[in-house]
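First up is the structure itself, then whatever we jot down about it.
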Amino acid sequence: MRVEIWSDIACPWCYIGKARFEKGLAAFAHREDVEVVHRSFELNPNLPKGVTAPVIDTLAKKYGRTLDEARAMEEHVASNARSEGLEYRTEGRDSGNTFDIHRLLHLARDRGRQNELLDLAYRANFAEERSVFDVETLVRLGVEAGLDETEVKAVLADESAYADAVRADEREAAELGANGVPFFVLDRRYGVSGGQPAEVFTQALEQAWQGRVLQPIGAADDAAAPACDVDGTCEV
């Protein structure tokens with residue numbers, strides 16, 4: 001069975017949702033028969049490459065909040081991350097264009113190192129004081145994930161490398177009706193939106209394994225789990 005996950009490195013609920021999905025997968029009896037494929041989704045594709053801004057400032061501007069209110073929003077997301085055992089810095093993070101990261105993740109998929117690179121990129125962005133929006137950091141992350149340094153540099157230097165693959169993922173997300181991330185598709189039978197609890201993912205895996213008809217799945221008390229939508233708005 002294949003699980004496809006559309007996500008963006010800039011999306012905190014994708015970071016949290018990945019951890020929750022992996023806990024749900026660990027509780028699934030047929031977990032060894034599940035192939036996980038991570039697909040590209042840019043929350044802010046129109047951001048100029050190389051231009052970054054502090055996350056707190058970006059949140060305040062986007063939602064019309066004060067800086068203190070934006071910090072409180074980040075603290076709320078951080079508490080959810082920490083409840084899953086994830087580190088999360090609420091200060092000192094940047095926001096920016098993620099297209100190069102997605103291109104590199106496609107290279108990593110071809111080399112069998114996609115999950116390793118994704119984990120490192122999430123950690124760099126949300127837990128460490130490393131910006132994932134500069135080439136030097138991406139090269140180091142690629143090497144840490146087990147990729148060849150020369151190949152990583154060549155992909156990042158060629159803006160056309162894997163660009164079509166990223167765009168194809170994004171078109172497919174639109175065709176499937178994904179209007180936010182994380183978005184999980186299980187064996188093309190079930191769609192799961194948002195950072196659902198781990199037990200919801202286990203349930204979805206079990207139902208998809210049984211080959212039932214595609215239908216949305218959500219927590220019983222709140223099907224609309226937290227997510228980041230197509231215009232870059234993240235629920236807090």
Between [atom1] of [X] and [atom2] of [Y], what distance do you get to the nearest 0.5 Å?
| X | Y | atom1 | atom2 | answer |
| --- | --- | --- | --- | --- |
| Ile9 | Leu141 | CD1 | CG | 9.0 Å |
| Trp209 | Tyr190 | CH2 | OH | 14.0 Å |
| Leu107 | Tyr162 | CG | OH | 4.5 Å |
| Leu105 | Asn115 | CG | CG | 10.0 Å |
| Ile101 | Asp8 | CD1 | CG | 7.5 Å |
| Glu4 | Arg39 | CD | CZ | 4.5 Å |

Quiz item: Apart from Val51 itself, what residues make up its hydrophobic cluster, given side-chain heavy atom links below 4.5 Å?
Solution: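 None, because no other hydrophobic side chain comes under 4.5 Å of this residue.
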Quiz item: Transitive ILVMFWY cluster of Leu47 at side-chain heavy atoms under 4.5 Å: who else is in it?
Solution: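 Members besides Leu47: none; it forms no cluster.
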Between [X] and [Y] (side chain of the first, backbone of the second, donor and acceptor by atom type, cut-off under 3.5 Å), is there such a pair?
| X | Y | value |
| --- | --- | --- |
| Glu128 | Asn125 | no |
| Thr202 | Gly24 | yes |
| Trp6 | Asp169 | yes |
| Arg109 | Gln114 | no |

What pair of heavy atoms forms the shortest contact from [X] to [Y], and how long is it?
| X | Y | result |
| --- | --- | --- |
| Thr90 | Ala78 | CG2-CB, 3.6 Å |
| Ser193 | Ala225 | O-CB, 3.9 Å |
| Thr98 | Ala10 | CG2-CB, 4.1 Å |

Quiz item: Which pairs count as ring pair (Phe, Tyr, Trp, His ring centres under 6.0 Å) when at least one residue sits in residues 95-122, sequence neighbours excluded?
Solution: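 For residues 95-122: Tyr15-Tyr122.
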Exercise. Determine which pairs satisfy ring pair (Phe, Tyr, Trp, His ring centres under 6.0 Å) with at least one residue from residues 131-153, sequence neighbours left out, and list them in order.
Key: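 As it turns out, there is no ring pair (Phe, Tyr, Trp, His ring centres under 6.0 Å) pair with a partner in residues 131-153 once direct neighbours are skipped.
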Exercise. In sequence, state the C-alpha distance, the side-chain angles, and the governing distance for Arg167 and Glu42, and then conclude on salt bridge (Lys or Arg N to Asp or Glu O under 4.0 Å).
Key: CA-CA 10 Å; Arg167 298 305 184 209; Glu42 295 173 274; 2.6 Å; yes
Quiz item: Can a donor-acceptor pair be found between the side chains of Ser95 and Thr58 at a distance below 3.5 Å?
Solution: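 The criterion, which ignores hydrogens and geometry beyond distance, is satisfied for Thr58 and Ser95.
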Quiz item: Between Glu74 and Tyr88, do the side chains contain an N or O donor and an N or O acceptor separated by less than 3.5 Å?
Solution: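 Yes, Tyr88 and Glu74 have a side-chain donor paired with an acceptor closer than 3.5 Å.
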Exercise. Check step by step if side-chain contact (heavy atoms from CB on, under 4.5 Å) holds for Val192 and Phe21.
Key: CA-CA 10 Å; Val192 182; Phe21 169 76; over 6 Å; no
Quiz item: Can the ring centres of Phe183 and Phe41 be said to be less than 6.0 Å apart?
Solution: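 Between Phe183 and Phe41, the centre distance exceeds or equals 6.0 Å.
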Is a salt bridge present between [X] and [Y], judged by a nitrogen-to-oxygen distance below 4.0 Å?
| X | Y | value |
| --- | --- | --- |
| Glu116 | Arg113 | yes |
| Glu91 | Arg71 | yes |
| Arg171 | Glu175 | no |

I'd like to check the salt bridge (Lys or Arg N to Asp or Glu O under 4.0 Å) partners of [X]; sequence neighbours left out, ordered by chain and number.
| X | answer |
| --- | --- |
| Glu199 | none |
| Asp33 | none |
| Arg103 | Asp100 |

Quiz item: Do any pairs count as a salt bridge (Lys or Arg N to Asp or Glu O under 4.0 Å) and have a residue in residues 153-163, sequence neighbours left out, and if so which ones?
Solution: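 Of all non-adjacent pairs touching residues 153-163, those that pass salt bridge (Lys or Arg N to Asp or Glu O under 4.0 Å) are Lys49-Glu159, Glu149-Lys153.
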Quiz item: Which pairs count as salt bridge (Lys or Arg N to Asp or Glu O under 4.0 Å) when at least one residue sits in residues 134-148, sequence neighbours excluded?
Solution: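 Counting only pairs at least two positions apart or across chains, the salt bridge (Lys or Arg N to Asp or Glu O under 4.0 Å) contacts touching residues 134-148 are Arg130-Glu144.
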Self-check item: Residues that Asn46 engages under side chain to side chain donor-acceptor pair (under 3.5 Å), provided they are two or more places apart
Solution: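 Expected list: none.
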Quiz prompt | Set of side chain to side chain contact (heavy atoms under 4.5 Å, CB included) partners for Glu84, sequence neighbours left out | solution =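 Applying side chain to side chain contact (heavy atoms under 4.5 Å, CB included) to Glu84 gives Ile16, Ala19, Arg20, Lys23, Leu86.
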Quiz item: Who pairs with Glu35 by side chain to side chain contact (heavy atoms under 4.5 Å, CB included), at least two apart in sequence or on another chain?
Solution: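 With neighbours one apart ignored, the set is Arg2, Val37.
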Measure the shortest side-chain to side-chain distance between [X] and [Y] over non-hydrogen atoms and say whether it is less than 4.5 angstrom.
| X | Y | answer |
| --- | --- | --- |
| Leu104 | Leu117 | yes |
| Cys14 | Cys228 | no |
| Met1 | Leu205 | yes |
| Leu67 | Asp57 | yes |
| Arg89 | Phe126 | no |

Quiz prompt | Atom CD of Glu129: over 12 foreign heavy atoms under 6.0 Å | solution =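 Counting other residues, nucleotides and ligands, CD of Glu129 stays at 12 neighbours or fewer.
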Quiz item: Are Val166 and Leu156 connected in the hydrophobic side-chain network, where two residues link if heavy atoms are under 4.5 Å apart?
Solution: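 No, Val166 does not connect to Leu156 through the hydrophobic network.
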Quiz item: Honestly curious: do Val132 and Val77 fall in one hydrophobic cluster under the side-chain, below-4.5 Å linking rule?
Solution: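 Result: yes, single cluster for both.
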